[in-house]
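Worksheet for the structure shown next.
Residue numbers begin at 1 in each chain, while the letters A, B, ... track the order of the sequences. Please read these numbers as outputs of a predicted model, since none were measured by experiment.
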There are 2 protein chains.
Amino acid sequence: MNLAALLADLGDVPVITDPAIVRKRSRDFFWYSPILNAQLADKSADLIAAPRTEAEVIRVAGACARHRVPLTVRAGGTGNYGQAVPLEGGVLLDITGLSAIEWMRPGALRVQAGAMLNAVDAAMQPHGWELRMHPSTRRTATVGGFVAGGSGGIGSVTYGGLREPGNIHAARIVTVEPEPRVIELRADAAQKINRAYGTTGIITALEMPLAPAWEWIELVIAFDTFLDAARFGLDAALSDGIVKKLLSPVDAAITPYFGALKSACPPGRAALIAMVAEPSLESFKTLLAGRGTITHEAPADEHGGRVPLYEYTWNHTTLQVLKTDRSVTYLQCLYPHDRLLESVARMNAMFPDEVLPHLEFIRFAGRVTCSALPVVRYTTPERLDEIIALHEAAGVHIANPHVYTLEDGSRYKRVDADQLGLKHEVDPYGLLNPGKMRSYVPAAA
Amino acid sequence: MNLAALLADLGDVPVITDPAIVRKRSRDFFWYSPILNAQLADKSADLIAAPRTEAEVIRVAGACARHRVPLTVRAGGTGNYGQAVPLEGGVLLDITGLSAIEWMRPGALRVQAGAMLNAVDAAMQPHGWELRMHPSTRRTATVGGFVAGGSGGIGSVTYGGLREPGNIHAARIVTVEPEPRVIELRADAAQKINRAYGTTGIITALEMPLAPAWEWIELVIAFDTFLDAARFGLDAALSDGIVKKLLSPVDAAITPYFGALKSACPPGRAALIAMVAEPSLESFKTLLAGRGTITHEAPADEHGGRVPLYEYTWNHTTLQVLKTDRSVTYLQCLYPHDRLLESVARMNAMFPDEVLPHLEFIRFAGRVTCSALPVVRYTTPERLDEIIALHEAAGVHIANPHVYTLEDGSRYKRVDADQLGLKHEVDPYGLLNPGKMRSYVPAAA
Ligand SMILES: Cc1cc2nc3c(=O)[nH]c(=O)nc-3n(C[C@@H](O)[C@@H](O)[C@H](O)COP(=O)(O)OP(=O)(O)OC[C@H]3O[C@@H](n4cnc5c(N)ncnc54)[C@H](O)[C@@H]3O)c2cc1C
Ligand SMILES: Cc1cc2nc3c(=O)[nH]c(=O)nc-3n(C[C@@H](O)[C@@H](O)[C@H](O)COP(=O)(O)OP(=O)(O)OC[C@H]3O[C@@H](n4cnc5c(N)ncnc54)[C@H](O)[C@@H]3O)c2cc1C
């Protein structure tokens, strides 16, 4: 790796070479996983390049290709399987300098990939729109990082995940070749960059659908048992006349770790965390009809640094526990949509006090089902593997969050064929985030 | 029935007594059914009262109660099971004088019951909103008539029918008692007036949820077979990322009757009629990916009396055929959501050339399924009953459109207990649309 020659080629693209900063930025939230923590702790890029325009992105990409230097894109750095960790050093391309909104029209916008999710929502709000969905890291993650490294989140109870047709309208990417090309991927084709960890091109812009920016009401509801919370969550999820953005049942064993929210979580009772559109609130409460007790109800409001309720849901649930108990970890499950509650009950009975249940209602391929991010009291890698195997034997799919390759982390244990195809096209030397797409063998050298 | 005394009591409420007009307005679209046509053709009210305010509605209701005169509400008169036909004469209360919008706010409005559906949508449009759903009679029916006599329609592919929690926020009703009361029914309680044919109170105002007023693109897509159209329709219905309002597969045996639309329906091919939000159009077409041929595509636009595409769908499909062939009639089916396409294929094979298939994709209790309004080549009442029985034996529910009582027309063959309860409360003498709620026996006399 000829870094000096590379640096010369970068011209006036801002660069950081201070090893302390570079090492720090080469990390993400992989430490969530005790297994990944052991594997990734010492990885680092050699330098950070921070382009301010697409032209500068092209300059960095071309230089990396000519000098055969690995290039890993980093955005908010909130991935939690080491998605943005450069396994083979090289350049860490900080994309957050590209953050402009290119255009918006009713129902859609085009934005540069490095824009922060909360900045995009704040800019759309006065027009009555917002992104359809966001990860629970809305305050720290980017649009491009979500599309390249995430899967779904708050809003997926209505729209499904990013992978559903219509949830990514288009992506613009820069290839890593001596003369980089700029390619526009539209509709289905844009899925080739979804959750590819930046191995299939540097995303510079995204066209995303928008949803009405409702006045969202945040609620915490206490239930006698976790299954009561899940049963009501399912009824609410199935109510197409009730507009909602979040339905998250959390077990009574988890809520004691909920810091500021603890007062809304009576000991020994399960909680359902919800976001409901104000005009649907009355119908939502009528559906609840005494099955649970509302312990918190307020309009969503992040002004003055107030912590949004969704920061207790999705992957944040585990983070809340990790804040006081570093010994836990988590899993990512997808429940089958038929006999959903039976499956949930069965899995919960299987690991008392070890796998602490937490569900997220979502739509998946048009059906209401649950994603689950249970908190796991970690003992050994072998036991973790056993827990995963027992879930899969029971028909509950696992996207393993304790591995860093696309293949091992997928429910299917292989990379999408379309993504592999695009990879060959845009990254002939295998320089983009090397080591993450295991199936890929570079054609050129 | 002392009509002279009643008339005196009505004061200056506008009244029509001309028998020709009264007889004409005592009819609706029951002639769709050869069976109802025979039963209802000679029914008529004695007079029409046309109140202009809720105070005048109360005056009519009180007078009818005191003089024990039947009272049947009539709005647009587009029901097709004789919902608004007075079986025992008396007063036909024309509610269309109450048509004001009381208020609107983002996501909800409150409107007087006699407002026309298209007028409401036109008034909401500049604010970026519209009703979530409407029957295919949007241009001639009222909000109150839809809620009291209908079930769902264009929009139900996203929001389900009117019966889903959240699809009616509240109703204000006037009782039929010597001193009428005004009652506000909210959330769940408002379901007691849904599809009760006006037997459970005179609705004067409704609070309804609103949906974003998308730019809707109307499409006709030709498919080789009806099942191809249904299969694609299901895929599109299951795509939560694609915003749509209508997905209606229609058999090749029906489209030749489609007048102006015939040019978009190639002979021998099935059609899918669709309404898709403009920002979702590209994803919708990508999903189509050559499985069918788009033969018509244009923004929805009813200006200058242009016929909207939805007037070829829902109950209008049968009307289009009836325009040239008075010998046909129809059924109303609800398919099971599991093994949907298998059931559709099975039923279609059972009655070739006799039951001509036409589906409407809807959400029902949170699941994607189909309502079906097939066109039936009518022979005898016995054969019609047999066709109904064969559907039910195959697990396809029928809401029989050839009967005029609530009970016989329901899938459960009984009236909702809540509705029966409200009936006793608001109509002690059994004067509201008598004969439609069979189970009801008046307590007073
Ligand atoms: C507490 C917590 C909660 C979380 N909750 C959720 C959740 O609810 N839903 C969810 O899906 N995920 C969740 N995540 C994971 C993470 O995917 C999201 O936080 C977010 O999508 C990452 O965005 P980012 O900007 O931080 O991207 P980064 O972490 O910087 O990058 C993520 C991946 O995308 C690549 N990438 C980033 N930008 C580009 C680009 N412009 N071009 C090409 N590749 C690029 C990176 O190389 C990396 O592989 C959570 C993580 C944490 C720590
Ligand atoms: C061609 C055609 C297509 C149709 N398509 C659909 C469809 O897609 N979906 C659907 O659900 N229906 C459909 N219908 C049936 C009909 O229900 C709808 O057209 C509409 O809902 C009726 O509204 P209206 O104003 O004409 O009511 P009317 O026909 O006047 O009344 C309907 C019933 O409601 C009662 N009613 C009306 N207003 C009030 C009030 N203010 N208070 C108390 N009771 C009242 C009447 O007494 C009557 O029983 C269709 C009918 C036809 C003829």
Side-chain angles (χ1 to χ4, degrees), chain A residues 105-109 128-129 132-133 156-170 186-190 207 209-215 234-244 276-287 289 337-338 362-368, chain B residues 105-109 128-129 132-133 156-170 186-190 207 209-215 234-244 276-287 289 337-338 362-368:
Chain A
R105 59 188 175 87
L109 99 163
W129 298 99
R132 285 183 175 173
M133 68 190 75
S156 293
V157 67
T158 297
Y159 293 103
L162 286 166
R163 66 183 285 285
E164 300 289 337
N167 282 339
I168 304 171
H169 283 178
R186 298 203 62 86
D188 241 22
E207 221 172 284
L210 296 172
W214 294 102
E215 181 185 339
L234 178 59
D235 289 346
L238 288 171
S239 293
D240 290 307
I242 294 175
V243 178
K244 60 257 168 200
V276 177
E278 190 281 328
S280 289
L281 188 60
E282 188 175 358
S283 303
F284 180 80
K285 288 182 181 176
T286 304
L287 190 70
H337 69 87
D338 49 337
I362 58 166
R363 286 195 174 271
F364 187 90
R367 272 103 187 180
V368 168
Chain B
R105 57 189 176 85
L109 99 164
W129 299 99
R132 284 182 175 173
M133 68 190 75
S156 293
V157 67
T158 298
Y159 294 101
L162 285 167
R163 66 182 287 284
E164 301 289 339
N167 282 339
I168 303 172
H169 283 178
R186 298 203 62 86
D188 242 21
E207 222 172 284
L210 295 172
W214 294 101
E215 181 185 339
L234 178 59
D235 289 347
L238 288 171
S239 295
D240 289 308
I242 294 176
V243 178
K244 61 259 166 196
V276 176
E278 190 281 329
S280 289
L281 189 61
E282 187 175 357
S283 303
F284 179 81
K285 287 183 180 174
T286 304
L287 190 69
H337 69 86
D338 50 336
I362 58 167
R363 285 195 174 272
F364 187 89
R367 273 101 185 182
V368 168

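- Looking at residues two or more places apart in sequence or on another chain, you find a side-chain hydrogen bond (donor to acceptor under 3.5 Å, both in side chains) between Glu207(A) and Arg110(A), Arg186(A).
- For a residue to count as touching a neighbouring chain, one of its non-hydrogen atoms must lie under 4.5 Å from one of that chain's; by this rule Leu287(A) touches chain B with the side chain only.
- Between chain A and the options Leu162(B), Asp188(B), Asp338(B), Leu210(B), the largest number of non-hydrogen pairs under 4.5 Å is found for Asp188(B).
- Residues Gly166(B) and Ser283(A) share a closest heavy-atom pair of CA-OG, 3.2 Å.
- Considering every non-hydrogen atom in both Thr286(B) and Ala187(A), the closest pair reads OG1-CB, 3.2 Å.
- Between chain B and the options Glu278(A), Glu164(A), Met133(A), the largest number of non-hydrogen pairs under 4.5 Å is found for Glu278(A).
- Taking every heavy atom of both residues into account, Gly241(B) and Arg132(A) meet most closely at O-NH1, 2.7 Å.
- Among Ala365(A), Ala170(A), Ala237(A), the residue making the largest number of heavy-atom pairs under 4.5 Å with chain B is Ala365(A).
- The backbone N or O of Pro279(B) lies less than 3.5 Å from no partner atom in the side chain of Arg105(A), so there is not a single donor-acceptor pair.
- Not counting sequence neighbours, the partners of Leu238(A) by the side chain to side chain contact (heavy atoms under 4.5 Å, CB included) test are Leu234(A), Val368(A), Arg367(B).
- Of the atoms belonging to Pro106(A), it is backbone heavy atoms, and not side-chain ones, that fall under 4.5 Å from chain B.
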